[in-house]
Enquirer: 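After the structure tokens below, expect a handful of questions from me.
FYI, side chains are in, hydrogens and waters are out, and symmetry mates aren't considered; it's all heavy atoms of this structure.
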Amino acid sequence: AFQKCTALEKVTFEKNGVISAIEDYAFADCSALKSFTLPNTVEKLGMGALATCASLTEVSLGTGLKAIPSYFLDNSAALEEVLIPYQVTAIASSAFARSPKLKKVTIPANVTSIASDIFSYPGEVTIYGVEGSYAQTYANENGISFVAQTVPATDISIETEQMELNIGATKVITHNVLPVDFTDTLIWSSSDKKVATVEAGKVTGVKSGTVTITVKSKENSNLKATCKVKVVQPVTKIELSATNKTLNAADTFDLNPKVS
């Protein structure tokens, strides 16, 4: 969409927007791009989405992201640091390849899969992460420096206080946790699983009713946020009291709908 846009210097998105994915090479080869901020609503990034952005120095990735794609920040000549959000579970091949100034990469405990070639200069990189995590194992196996860290969460917020959901449908509750490199474990719960269930922020409607969805820190139960979810029965059928009717001039007839 914006590939090779040489005048683009900064990218931000509407906070409460609906964008959920960035396509392959969407912002690749934007030579003047310096700052890129991804909203919390985005769950998927395409291959090479920010590849070969020579001036890029600031990258902020939203909490909704689930994976880092191949060649994501390949050939980022000016980039020195990357902080991967906590819901990411996998980092694909050459994600940070050919980025000579890259020194610090923070990898969350949820990551369980990392390609062997994500760095071109592993000796120059230090991975920051949770003690005993896969990130530490990966660092040790690939001769990469590792720094264990514990960063308590200080704030949890949900971007919408209430929402409506059809029975059988799913929606992701967009949320934010500060600081962005927190290491707490988040626990999601529903006040009534017979009405709606929740897993990692994804809510599924079960039957009509209203529930409270809560996300809190395992390490600090006082740190939490909630969202009211109303589950409704969607309209699946509309029938009319008659399928055909013949009327004379000036006659009237009541046609009654039946909604179910």
Side-chain angles (χ1 to χ4, degrees), residues 12-21 37-45 59-68 82-90 106-112 128-136 147-232:
T12 58
F13 295 83
E14 184 181 2
K15 182 178 179 181
N16 295 317
V18 295
I19 186 170
S20 61
T37 300
L38 195 70
N40 294 332
T41 55
V42 173
E43 297 183 28
K44 181 181 178 181
L45 285 171
V59 176
S60 177
L61 302 177
T63 59
L65 196 61
K66 303 298 191 297
I68 302 298
V82 176
L83 197 161
I84 298 171
Y86 85 98
Q87 289 199 88
V88 169
T89 60
T106 301
I107 300 179
N110 284 333
V111 171
T112 56
Y128 288 71
V130 177
E131 182 77 33
S133 66
Y134 180 73
Q136 183 176 24
V147 175
Q149 61 179 6
T150 300
V151 182
T154 58
D155 182 73
I156 299 176
S157 60
I158 289 176
E159 293 186 5
T160 179
E161 295 182 354
Q162 56 185 9
M163 67 181 190
E164 189 172 290
L165 184 66
N166 288 338
I167 292 174
T170 63
K171 281 186 179 180
V172 175
I173 295 179
T174 304
H175 60 287
N176 192 40
V177 184
L178 295 176
V180 291
D181 58 345
F182 76 97
T183 55
D184 292 32
T185 299
L186 296 186
I187 300 173
W188 290 86
S189 62
S190 168
S191 61
D192 189 345
K193 293 181 180 179
K194 294 180 179 180
V195 174
T197 60
V198 61
E199 182 177 355
K202 180 177 286 188
V203 183
T204 301
V206 179
K207 73 172 186 177
S208 297
T210 301
V211 298
T212 298
I213 301 297
T214 301
V215 56
K216 66 180 181 180
S217 165
K218 179 180 179 181
E219 289 76 12
N220 180 2
S221 59
N222 292 322
L223 196 62
K224 59 185 177 181
T226 61
C227 177
K228 292 284 186 181
V229 178
K230 182 180 181 181
V231 181
V232 297

Enquirer: With heavy-atom distances below 4.5 Å as the criterion, would you say the side chains of Pro152 and Asp184 are in contact?
Expert: yes

Enquirer: Within this structure, what is the CG-CG distance for the pair Leu38 and Leu65, rounded to the nearest 0.5 Å?
Expert: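 The distance works out to 6.5 Å.
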
Enquirer: Considering non-hydrogen atoms only, spot the tightest contact between Pro108 and Pro85 and give its length.
Expert: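 What the structure gives for the nearest pair is CG-O, 3.3 Å.
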
Enquirer: In a check of side chain to side chain contact (heavy atoms under 4.5 Å, CB included) between Val198 and each of Val211, Thr214, Val203, Val172, which one passes?
Expert: Val203

Enquirer: Counting distance only, does the side-chain N/O of Glu219 pair as donor-acceptor with the main-chain N or O of Thr185 below 3.5 Å?
Expert: yes

Enquirer: Could you tell me whether a side-chain N or O of Glu43 sits under 3.5 Å from a main-chain N or O of Gly64, the two making a donor and an acceptor?
Expert: no

Enquirer: Name the atoms and distances for all side-chain donor-acceptor pairs under 3.5 Å in residues 220-232, with sequence neighbours left out.
Expert:
{"from": "Asn220", "atom 1": "OD1", "to": "Asn222", "atom 2": "N", "distance (Å)": "3.2"}
{"from": "Lys228", "atom 1": "NZ", "to": "Thr212", "atom 2": "OG1", "distance (Å)": "3.0"}

Enquirer: Search all heavy atoms of Phe13 against all heavy atoms of Thr37 and return the closest pair with its distance.
Expert: CD1-O, 3.2 Å

Enquirer: To the nearest 0.5 Å, tell me how far Leu45 CG sits from Ile68 CD1.
Expert: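 Atom-to-atom, Leu45:CG and Ile68:CD1 are 6.5 Å apart.
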
Enquirer: Any side-chain heavy atom of Val177 within less than 4.5 Å of one from Asp155?
Expert: no

Enquirer: Can you tell if the side chain of Ser20 reaches within under 4.5 Å of the side chain of Thr41, non-hydrogen atoms only?
Expert: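 Of all side-chain heavy-atom pairs linking Thr41 with Ser20, none is under 4.5 Å.
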
Enquirer: Given side chains that start at C-beta, do those of Val215 and Ile158 come closer than 4.5 Å, heavy atoms only?
Expert: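 They are in contact (side-chain heavy atoms under 4.5 Å apart), so the answer is yes.
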
Enquirer: What do the steps show when you test Val42 against Ile19 for side chain to side chain contact (heavy atoms under 4.5 Å, CB included), and what is the final call?
Expert: CA-CA 6 Å; Val42 173; Ile19 186 170; 4.0 Å; yes

Enquirer: Under 4.5 Å between any side-chain heavy atoms of Met163 and Lys171, yes or no?
Expert: yes

Enquirer: Between Glu159 and Asn40, does any side-chain donor sit less than 3.5 Å from a side-chain acceptor?
Expert: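 There is such a pair (donor and acceptor under 3.5 Å, judged by atom type) between the side chains of Glu159 and Asn40.
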
Enquirer: Can you check whether Leu178's main-chain N or O pairs, donor with acceptor, with Thr154's side chain at less than 3.5 Å?
Expert: yes

Enquirer: Can you tell me how far apart CG (Asn110) and OG (Ser133) are? Round to the nearest 0.5 Å.
Expert: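 Interatomic distance, Asn110 CG to Ser133 OG, rounded to 0.5 Å: 10.0 Å.
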
Enquirer: Within a strict 4.5 Å, meaning less than it, do heavy atoms of the His175 and Trp188 side chains meet?
Expert: yes

Enquirer: Atom CD of residue position Gln162 - does it have more than 12 heavy atoms of other residues, nucleotides or ligands inside 6.0 Å?
Expert: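 Not more than 12 within 6.0 Å, no.
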
Enquirer: Could you tell me if the side chain of Ser190 sits less than 4.5 Å from the side chain of Thr197, heavy atoms only?
Expert: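 No, too far: nothing below the 4.5 Å cut-off.
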
Enquirer: OG/Ser60 to CG/Leu83 distance, rounded to the nearest 0.5 angstrom?
Expert: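 Separation between the atoms: 8.5 Å.
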
Enquirer: Give, for atom OG1 of Thr210 and atom CG of Leu165, the distance between the pair rounded to the nearest 0.5 Å.
Expert: 11.5 Å

Enquirer: Roughly how far apart are Ile107 CD1 and Tyr128 OH, rounded to 0.5 Å?
Expert: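 If I round to the nearest 0.5 Å, the distance is 12.5 Å.
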
Enquirer: Report the C-alpha separation of Gln136 and Val130 in whole Å, then their side-chain angles, then the decisive distance to 0.1 Å, and conclude whether the side chain to side chain contact (heavy atoms under 4.5 Å, CB included) test is met.
Expert: CA-CA 7 Å; Gln136 183 176 24; Val130 177; over 6 Å; no

Enquirer: Carefully, step by step, assess Ile156 and Leu186 under the rule side chain to side chain contact (heavy atoms under 4.5 Å, CB included).
Expert: CA-CA 10 Å; Ile156 299 176; Leu186 296 186; 3.9 Å; yes

Enquirer: With a 4.5 Å limit on heavy-atom distance, are the side chains of Val111 and Thr89 in contact?
Expert: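 No. Closest side-chain heavy atoms not under 4.5 Å.
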
